[in-house]
Amino acid sequence: MGKRSVKRRAAGEFNSGHYQDEQTKVRALFPGTSWSPDEKEPMRDQSYTKNVKPRSEGQARLMKAIDEHNLVLALGPAGTGKTYLAVAKAVDALEKGAVSRIVLSRPAVEAGESIGFLPGAMEEKLAPYLRPLYDALSDRLSPKRLKALMAEGLIEIAPIGYMRGRTLNNAFVVVDEAQNCTYGQLKMLLTRLGWHSTMVVTGDPAQTDLLPELSGLQGISEKLELVADIGVIRLDQGDIVRHPLVASMLDVL
């Protein structure tokens with residue numbers, strides 16, 4: 001084989017047939033994609049798509065309500081998947097182009113323990129409060145994709161105090177831990193809803209970190225339950241998808 005190639009080079013001949021045969025053996029490294037090693041941003045940071053399916057009848061009702069209504073209140077104990085399902089629906093809507101951005105909001109309230117003043121800029125001060133939302137997003141998006149979307153402003157995470165005066169058009173809004181919002185705060189948040197937008201408010205009225213008379217989630221949910229085209233989904237212990245002991249504890253605590 002080596003002698004023949006030397007003879008061809010010496011004679012100045014080019015074996016086109018041999019070249020074409022070699023080209024037919026070339027296969028795409030990642031079939032079905034346009035990925036190339038020469039690209040600066042290779043498409044390889046997420047190798048699979050995780051489909052979200054309801055694990056209880058309550059979760060099925062919640063997912064259906066999000067698809068059918070522009071405003072949904074998801075009320076239930078810890079571990080029922082309220083926040084996760086809302087964020088998963090938000091990411092799906094953004095990826096499909098149904099909305100142009102995701103806005104996630106959460107009250108900056110300590111869980112019964114004052115942590116004092118935190119150092120750093122605003123983002124660093126709020127990071128401990130908004131960590132659950134980051135965790136839910138990280139489970140649906142790769143770290144690289146999440147960082148890019150947040151840098152572009154397509155995903156915004158903000159505390160309740162920064163929502164006043166805004167109109168959220170063409171957005172998917174998730175308000176988490178709403179039991180720690182006062183009646184006035186929730187009224188302000190609900191009236192931020194704009195055109196072609198969906199808002200999901202999640203919380204557990206029985207687990208507020210405010211004084212019971214200050215939390216406005218229970219009162220607002222009872223009033224909105226009478227309004228047409230608003231979905232109020234109440235989950236219970238049977239919808240808990242965390243460790244089985246969580247449901248057992250909530251029965252006695």
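All heavy atoms count here, side chains included; hydrogens, waters and symmetry mates do not. Not measured: the values here are computed from a predicted model.
- For R166, the salt bridge (charged side-chain N to carboxylate O under 4.0 Å, His left out) partners are E156, not counting sequence neighbours.
- The hydrophobic cluster containing V227 also contains L73, counting ILVMFWY residues as joined when their side-chain heavy atoms lie under 4.5 angstrom apart, directly or transitively.
- The distance from the CG atom of L217 to the CD atom of Q185 is 12.0 Å, given to the nearest 0.5 Å.
- Taken together through direct or relayed side-chain contacts under 4.5 Å among Ile, Leu, Val, Met, Phe, Trp and Tyr, L186 and V103 form part of one hydrophobic cluster.
- Under 3.5 Å, the side chains of D239 and S56 contain a donor-acceptor pair of N or O atoms.
- Both V52 and L146 belong to a common hydrophobic cluster when Ile, Leu, Val, Met, Phe, Trp and Tyr are linked at side-chain heavy-atom distances under 4.5 angstrom.
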>> Run the side chain to side chain contact (heavy atoms under 4.5 Å, CB included) test on T202 and V175 for me, step by step, so that the C-alpha distance in whole Å, both residues' side-chain angles and the decisive distance to 0.1 Å come before the verdict.
In response: CA-CA 6 Å; T202 70; V175 180; over 6 Å; no

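- Salt bridge status for E95 with R140: absent, with no side-chain N to carboxylate O gap under 4.0 Å.
- A side chain to side chain contact (heavy atoms under 4.5 Å, CB included) with N180 is found for exactly one of I160, T208, L214, namely T208.
- Checking Q179 against E177 by side-chain atom types alone, a donor-acceptor pair falls below 3.5 Å.
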> Can you list the steps and then say if K82 with I233 is a side chain to side chain contact (heavy atoms under 4.5 Å, CB included)?
Replying inline: CA-CA 10 Å; K82 306 180 298 295; I233 307 299; over 6 Å; no

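- Judged as a side-chain contact (heavy atoms from CB on, under 4.5 Å), and not counting sequence neighbours, the contacts of T167 are N169.
- L94 and L168 are members of different hydrophobic clusters when ILVMFWY side chains are connected at heavy-atom separations under 4.5 Å.
- Classification of D135 and R131 as a salt-bridged pair holds, one side-chain N sitting under 4.0 Å from a carboxylate O.
- Under the 4.0 Å criterion applied to side-chain N and carboxylate O atoms, R234 and E225 are assigned as salt-bridge partners.
- The salt bridge (charged side-chain N to carboxylate O under 4.0 Å, His left out) test applied to D176 returns R106, not counting sequence neighbours.
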